[in-house]
Q: 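Below are the structure tokens for one structure; questions will follow.
When reading the values below, keep in mind they use all heavy atoms of this one structure, side chains included, and skip hydrogens, waters and symmetry mates. Fair warning: this is a prediction, and the values are worked out from it, not measured in the lab.
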2 protein chains.
Amino acid sequence: MNPRPTMEDVAARARVSRALVSIVYRNAPGASDETRARVLAAGDALGYRPDHRARLLGSRQRTRLIGVAFDVRYPFHGDLVEALYPAAEALGYNLTLSAVTGSRRESAAAQSLLDYRCESLILLGPTSPPAALTALADSQPTVVIARKLRASGVHVVRTDDAAGSRLAVEHLLSLGHTQIAHVDGVRAPGAAERRTAYVQTMRRAGRAPVIIPGGPTESAGTEAARRLPRNITAVAAFNDACAIGLLHTLRASGRRVPEEVSIIGYDDSTPSRLDHIQLSTIAQNAHGLAAAALDLATCVDRSPQEVVISPDLVRRKT
Amino acid sequence: MNPRPTMEDVAARARVSRALVSIVYRNAPGASDETRARVLAAGDALGYRPDHRARLLGSRQRTRLIGVAFDVRYPFHGDLVEALYPAAEALGYNLTLSAVTGSRRESAAAQSLLDYRCESLILLGPTSPPAALTALADSQPTVVIARKLRASGVHVVRTDDAAGSRLAVEHLLSLGHTQIAHVDGVRAPGAAERRTAYVQTMRRAGRAPVIIPGGPTESAGTEAARRLPRNITAVAAFNDACAIGLLHTLRASGRRVPEEVSIIGYDDSTPSRLDHIQLSTIAQNAHGLAAAALDLATCVDRSPQEVVISPDLVRRKT
DNA sequence: GCTCGTGACTAGAGCGCTCTAGTCGAGTCG
DNA sequence: CGACTCGACTAGAGCGCTCTAGTCACGAGC
């Protein structure tokens with residue numbers, strides 16, 4: 001519980017000036033290797049760690065801090081956060097997180113990031129209206145991940161949902177299926193792109209599209225299973241949760257998956273990887289999204305743009 | 001993209017000193033209501049927001065900042081974070097998050113929190129060895145949530161697992177079941193307490209305990225389902241994931257839940273609430289845990305202690 | 001009338017850093 | 001040999017705040 005050592009303490013112990021300690025800890029040129037080692041040794045002995053806040057205050061413009069607003073309720077946001085950390089580190093940036101929860105609104109999360117003087121903001125699947133996002137982007141670069149939108153001044157990084165949907169359908173076609181249904185995401189983000197791509201891919205293959213209303217949840221999948229025509233042998237679901245609900249309900253009603261019905265999900269979420277599920281799915285490339293987002297976040301004065309990342313097919317057992 | 005206004009700008013606009021602006025924004029005594037309004041108006045007009053960093057640097061001892069290290073992969077950590085925000089706000093504290101991920105170790109997360117000069121640390125279900133936690137607690141109050149451990153200097157807030165397990169078994173007994181099995185968590189945290197309480201409660205009720213090896217995952221539940229004796233009519237599972245694996249496998253093999261077999265989980269996780277699952281379970285009281293953790297985190301110079309929160313039975317459909 | 005208290009406000013020194021503008025000594029070169 | 005350059009290092013201002021120690025005006029109390 002003793003007060004933390006400061007640069008002054010390290011400087012005194014290493015018998016150099018405070019400024020030199022700063023040089024050493026910033027890895028800046030202007031210190032001999034010998035002194036560098038001595039300063040570092042003194043710092044270690046005292047358990048010194050630079051004060052991040054003071055560091056930011058002192059450095060004139062660049063804070064090398066990026067704020068990330070994410071929703072604790074979405075596992076995919078967790079995957080993105082995980083991918084963002086190494087991507088930020090590679091560029092010499094630090095991440096500050098702010099959570100969106102059931103009771104903490106996105107605007108509050110974003111404002112608290114601004115209080116920390118983040119250089120730029122990365123918002124994961126934000127639900128704020130475009131105007132609010134534009135307002136945020138007015139004061140610093142703002143990158144939106146995983147939401148398709150046109151808000152002026154905002155960078156957008158997202159997965160190519162049309163390509164993903166096409167990938168799913170082509171996979172099922174290549175397996176020899178002809179009666180392929182799509183369980184729709186209805187109004188969920190991305191649902192329209194996935195539905196349209198499904199229809200187009202089916203038409204191009206000379207097959208009749210069958211669309212079943214669904215949604216982004218397991219219960220939507222459960223519901224969709226009840227409406228599934230008996231002649232259907234393969235289903236491309238809106239997302240993994242929906243596919244899993246469908247899977248369980250189909251199995252419970254005696255239909256064998258994948259023997260009788262093939263199912264493909266979308267997201268490559270954690271549940272899809274579980275032993276007893278092993279859902280084939282379309283993976284959003286979290287690392288690709290993260291890298292692109294950081295690239296945009298760190299380039300100041302770049303005109304707002306949209307980066308679309310291709311998804312990948314993950315073949316598992318359904 | 002224009003530089004953010006500072007206190008100086010607000011002071012100039014309101015025609016007062018910088019110090020007075022500080023007084024107003026801190027809600028400290030020493031300014032007339034009239035001036036207060038004028039300063040606030042000037043701040044609003046400029047879009048001024050105090051710099052959190054500078055604020056903390058300036059304020060001598062207390063930073064009113066609490067660092068939270070959580071694991072993005074655990075939904076329950078999300079619930080805890082959600083509960084921590086309002087609890088912190090109520091005490092006038094701010095939260096800084098740092099994520100533990102597959103590739104970012106707990107120690108890195110904790111260190112980055114220290115760089116931000118957090119007054120205290122709250123670690124959710126840490127996996128670090130007790131010695132590492134004691135070392136952390138040496139420099140500031142440290143609270144561990146959801147892990148039973150004896151590390152000197154560290155506060156612990158956790159759920160009463162014995163009581164939870166007892167609650168689960170008593171619930172099943174009260175439903176008239178006599179052949180109740182426990183699917184064990186083996187080496188998972190809390191498994192020993194839950195197992196012991198199960199055995200004790202069964203003995204006290206004059207029933208023979210049946211323990212089936214399992215684990216904390218869905219696949220463990222799937223495995224346990226295969227080993228489940230046919231005469232068992234109720235199962236208290238180690239946790240929800242295990243219970244859900246068990247549930248699906250049992251249903252797939254034709255046994256009806258809850259008609260033929262009752263299942264109770266543990267955690268009240270999000271999947272347990274899903275429409276087609278509706279798992280009865282034992283809820284860890286996230287708000288209670290959060291409040292207790294903040295209480296401990298904010299009281300400096302309090303001797304390390306352990307707070308045990310009672311869990312609740314959530315009756316659903318299994 | 002003079003002290004004293006009080007509320008409203010300000011000056012200025014930090015907080016722990018970064019960064020610019022130096023100093024200082026050793027080597028280079030014409 | 002004096003004018004340079006160059007690497008190693010230091011002094012000190014400044015980042016945007018907070019906070020202590022004032023100042024100043026005004027009214028109460030003796």
Q: Would you say a side-chain N or O of Thr35(B) is under 4.0 Å from OP1 or OP2 of dC9(C)?
A: yes
Q: List the atom of Val81(A), the atom of Ala99(B), and the distance in Å for their closest heavy-atom pair.
A: CG1-CB, 4.0 Å
Q: Please report, rounded to the nearest Å, how far the P atom of dA8(D) is from the CZ atom of Arg38(A).
A: 13 Å
Q: Side chain of Leu57(B), heavy atoms from C-beta onward: which of dG12(C), dG16(C), dT10(D) has the nearest atom to it?
A: dG16(C)
Q: Rounded to whole Å, how long is the line connecting atom CZ of Arg49(B) with atom C1' of dG16(D)?
A: 16 Å
Q: Under 4.0 Å between any heavy atoms, over every strand shown, what does Arg53(B) touch: base, sugar-phosphate, or nothing? Just pick one.
A: nothing
Q: Provide the closest heavy-atom pair for Ile23(B) versus Pro29(B) in the form atom of the first, atom of the second, distance.
A: CG2-O, 3.9 Å
Q: Name each donor-acceptor pair under 3.5 Å that joins a side chain in residues 37-46 of chain A to protein atoms two or more places apart or in another chain, with its distance.
A:
unit_1, atom_1, unit_2, atom_2, d
Arg38(A), NH1, Ala14(A), O, 2.4

Q: Can you see whether Ser128(B) engages Glu106(B) through a side-chain donor-acceptor pair at a distance of less than 3.5 angstrom?
A: yes
Q: Does a side-chain N or O of Arg26(B) approach OP1 or OP2 of dC19(D) to a distance below 4.0 Å, or not?
A: yes
Q: State whether a side-chain donor-acceptor pair under 3.5 Å links Ser22(A) with Arg26(A).
A: yes
Q: Is there a side-chain polar atom (N or O) of Ser17(A) under 4.0 Å from OP1 or OP2 of dT10(D)?
A: yes
Q: Any side-chain N or O of Tyr48(B) below 4.0 angstrom from OP1/OP2 of dC17(D)?
A: yes
Q: Nearest-Å distance, CG (Leu20(B)) to P (dC24(D))?
A: 17 Å
Q: Could you walk me through whether Gln284(A) and Asp268(A) satisfy the side-chain hydrogen bond (donor to acceptor under 3.5 Å, both in side chains) test, starting with their C-alpha distance in whole Å, then the side-chain angles of each, then the deciding distance to 0.1 Å, before giving a yes or no?
A: CA-CA 7 Å; Gln284(A) 299 205 44; Asp268(A) 192 29; over 6 Å; no
Q: Could you state the atom-to-atom distance from CE of Met7(A) to C1' of dT18(C) in whole Å?
A: 8 Å
Q: Give one of base, sugar-phosphate or nothing for Ser22(A), where a contact means two heavy atoms less than 4.0 Å apart.
A: base
Q: Could you give the CZ-to-P distance, from Arg4(A) to dC15(C), as a whole number of Å?
A: 16 Å
Q: Just how far, in rounded Å, is P of dT18(C) from CG of Asp51(A)?
A: 10 Å
Q: Quick check for you: to the nearest 0.5 Å, what is the distance between Thr298(A) atom OG1 and Ile66(A) atom CD1?
A: 6.0 Å
Q: When the distance from CD of Glu8(B) to C1' of dA11(C) is rounded to whole Å, what number comes out?
A: 12 Å
Q: Have a look at Ala19(A) and say if it touches a base, only the backbone sugar-phosphate, or nothing, with a 4.0 Å heavy-atom cut-off.
A: base
Q: Could you say whether Arg18(A) or Arg36(A) is positioned toward the 5' end of DNA chain D, judged by the nucleotide with the nearest heavy atom to each?
A: Arg36(A)
Q: Categorize Arg117(B) for me: base, sugar-phosphate, or nothing, with a 4.0 angstrom heavy-atom threshold over every strand shown.
A: sugar-phosphate
Q: Taking atom C1' of dC17(C) as reference, at what distance in whole Å does atom CZ of Arg55(B) sit?
A: 20 Å
Q: Grab the two heavy atoms, one from Val156(A) and one from Arg147(A), that are nearest each other, plus how far apart they are.
A: CG1-O, 3.3 Å
Q: Both Arg15(B) and Ala54(B) contact DNA chain C. Which one's nearest nucleotide lies toward the 5' end?
A: Arg15(B)
Q: I want to verify a distance call: between dT10(D), dT10(C), dC17(D), whose nearest atom is closest to the Val16(B) side chain?
A: dT10(C)
Q: Please report the end-to-end axis angle for the helix from dG1(C)-dC30(D) to dG30(C)-dC1(D), five pairs per end, rounded to 10 degrees.
A: 60°
